[in-house]
Amino acid sequence: MDFDWTTITAIISAIAAVVALVLSVWQTRISNRQHLFDMKIRVWMVAWGMIELYGQHVRRFEKKDEPYLALDQEFLWLTNNTYLHEAGNVVDSLLEANARREFFAKIEEIRSMAESALYVFKGKEAKSICSFLNDYGDLLLAMYQYQILLDDMQKRAGQFKWTLEEASSRLDEPSIRNEMHECMDRVDDSYESINSRKTKRRIVRQLKLFS
């Protein structure tokens, strides 16, 4: 029996190509799942660190009808972990270029993490993580802006012999304080949502390599 070796070779080559393609697709899917899993872990670790920080200090944030003279300490409490500590440095040098750059870069990174949460997690849990990260970042930004105002108030009070109340009124401090209060309310709400047992249990279920 004669064999058409050309045809056989072509068939073998075709089979090998198909096998190689299947393996390539399979490896790509595994790689994509691994990347998705790594991103889930990254986003959740950042969010969990902020959840713990806020949970430890939430009772210290009581709304006031007067200027927050110790806001710098509260800001440091909310940035007191390895992920946020660089952002916390800005409170000691509010207008220094490098400190400002690091702070705003961290705020943008938090917002990016929040956006990523919508892609790597599913359902209400994705929205809960996204909302909390965005609200937390917004609160840090509002506190930073308020601290700049507070420093300016104290400087001008000394320069023009104003009382603290006069400086507050002249520089419209109450309206800036109210804006910060609104940020506090939003992060309070998103914290309550994400910190529930039910939500955390569902998030943990999604932290699986092949989910």
Side-chain angles (χ1 to χ4, degrees), residues 45-117 129-195:
M45 290 300 291
V46 169
W48 180 245
M50 294 182 187
I51 292 167
E52 286 195 314
L53 271 183
Y54 196 76
Q56 291 167 7
H57 303 297
V58 63
R59 294 182 180 178
R60 304 185 186 188
F61 295 114
E62 296 182 358
K63 292 181 181 178
K64 299 179 181 180
D65 293 325
E66 59 185 16
Y68 286 78
L69 299 181
L71 189 71
D72 55 343
Q73 184 59 53
E74 295 172 352
F75 186 88
L76 289 174
W77 288 335
L78 287 184
T79 55
N80 188 30
N81 69 13
T82 55
Y83 179 73
L84 293 170
H85 77 278
E86 291 179 352
N89 293 334
V90 76
V91 77
D92 294 323
S93 47
L94 293 170
L95 301 178
E96 197 273 322
N98 288 334
R100 283 169 53 88
R101 185 160 46 248
E102 288 181 353
F103 174 72
F104 283 108
K106 185 60 68 175
I107 295 299
E108 286 304 312
E109 187 177 325
I110 291 172
R111 289 172 176 166
S112 178
M113 285 278 182
E115 191 69 19
S116 296
I129 297 172
C130 178
S131 295
F132 179 74
L133 289 174
N134 275 327
D135 292 340
Y136 201 103
D138 288 347
L139 178 58
L140 292 181
L141 183 58
M143 293 173 74
Y144 167 76
Q145 293 169 335
Y146 183 88
Q147 187 63 47
I148 291 177
L149 172 67
L150 188 63
D151 284 7
D152 192 34
M153 280 174 48
Q154 294 172 326
K155 179 180 178 181
R156 294 199 188 192
Q159 181 179 358
F160 299 111
K161 309 302 180 183
W162 295 341
T163 64
L164 184 62
E165 290 75 15
E166 288 174 327
S168 172
S169 176
R170 289 173 182 269
L171 297 181
D172 199 25
E173 181 270 337
S175 68
I176 306 301
R177 188 192 331 142
N178 287 336
E179 290 177 5
M180 187 171 66
H181 285 169
E182 291 176 2
C183 289
M184 289 178 177
D185 288 340
R186 288 197 297 271
V187 78
D188 273 343
D189 290 342
S190 57
Y191 171 78
E192 290 299 324
S193 174
I194 199 171
N195 196 47

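Along the sequence shown, the residues carry numbers beginning at 1.
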Keeping [X] on the side-chain end and [Y] on the backbone end, is there a donor-acceptor pair under 3.5 Å?
X      : Y      : value
Asn178 : Pro174 : yes
Lys106 : Tyr83  : yes
Ser169 : Glu166 : no
Ser116 : Ser112 : yes

Are [X] and [Y] close enough that some pair of their side-chain heavy atoms sits under 4.5 Å apart?
X      : Y      : answer
Trp48  : Ile51  : yes
Val90  : Thr79  : no
Leu164 : Glu66  : no
Arg100 : Tyr144 : yes
Arg177 : His181 : yes

*Within 6.0 Å of NZ in Lys155, more than 12 heavy atoms from elsewhere*: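 Atom NZ in Lys155 is not packed in, count stays at 12 or less.
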So which heavy atom on [X] is nearest to which on [Y], and how close?
X      : Y      : result
Cys183 : Asp138 : SG-O, 3.9 Å
Ala114 : Asn134 : CB-OD1, 3.5 Å
Met113 : Val46  : CE-CG2, 3.9 Å
Ile110 : Leu133 : CG2-O, 3.3 Å
Leu78  : Tyr54  : CD2-CD1, 3.9 Å
Ile129 : Ala117 : CG2-CB, 3.7 Å

[X] [atom1] to [Y] [atom2] distance, which is reported to the nearest 0.5 Å:
X      : Y      : atom1 : atom2 : result
Leu141 : Glu108 : CG    : CD    : 9.5 Å
Lys64  : Leu71  : NZ    : CG    : 8.5 Å
Glu86  : Arg101 : CD    : CZ    : 12.5 Å
Asp72  : Leu94  : CG    : CG    : 9.0 Å
Asn80  : Leu76  : CG    : CG    : 8.0 Å
Met153 : Leu69  : CE    : CG    : 7.5 Å

*Could you check Gln73, Met143, Glu74 and say which one makes a side-chain contact (heavy atoms from CB on, under 4.5 Å) with Tyr68?*
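Result for side-chain contact (heavy atoms from CB on, under 4.5 Å) with Tyr68: Glu74.
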*Please work out whether the ring planes of Phe103 and Phe75 are parallel, tilted or perpendicular, with thresholds of 30° and 60°.*
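Answer is tilted, since the angle falls between 30° and 60°.
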*asked:* Which label fits Tyr191 and Phe132: parallel for a plane angle under 30°, tilted from 30 to 60°, or perpendicular past 60°?
replied: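 The rings of Tyr191 and Phe132 sit tilted, inter-plane angle from 30° to 60°.
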*Between Gln147 and Asp151, is a side chain to side chain donor-acceptor pair (under 3.5 Å) present by the stated rule, with each step listed?*
CA-CA 6 Å; Gln147 187 63 47; Asp151 284 7; 3.0 Å; yes
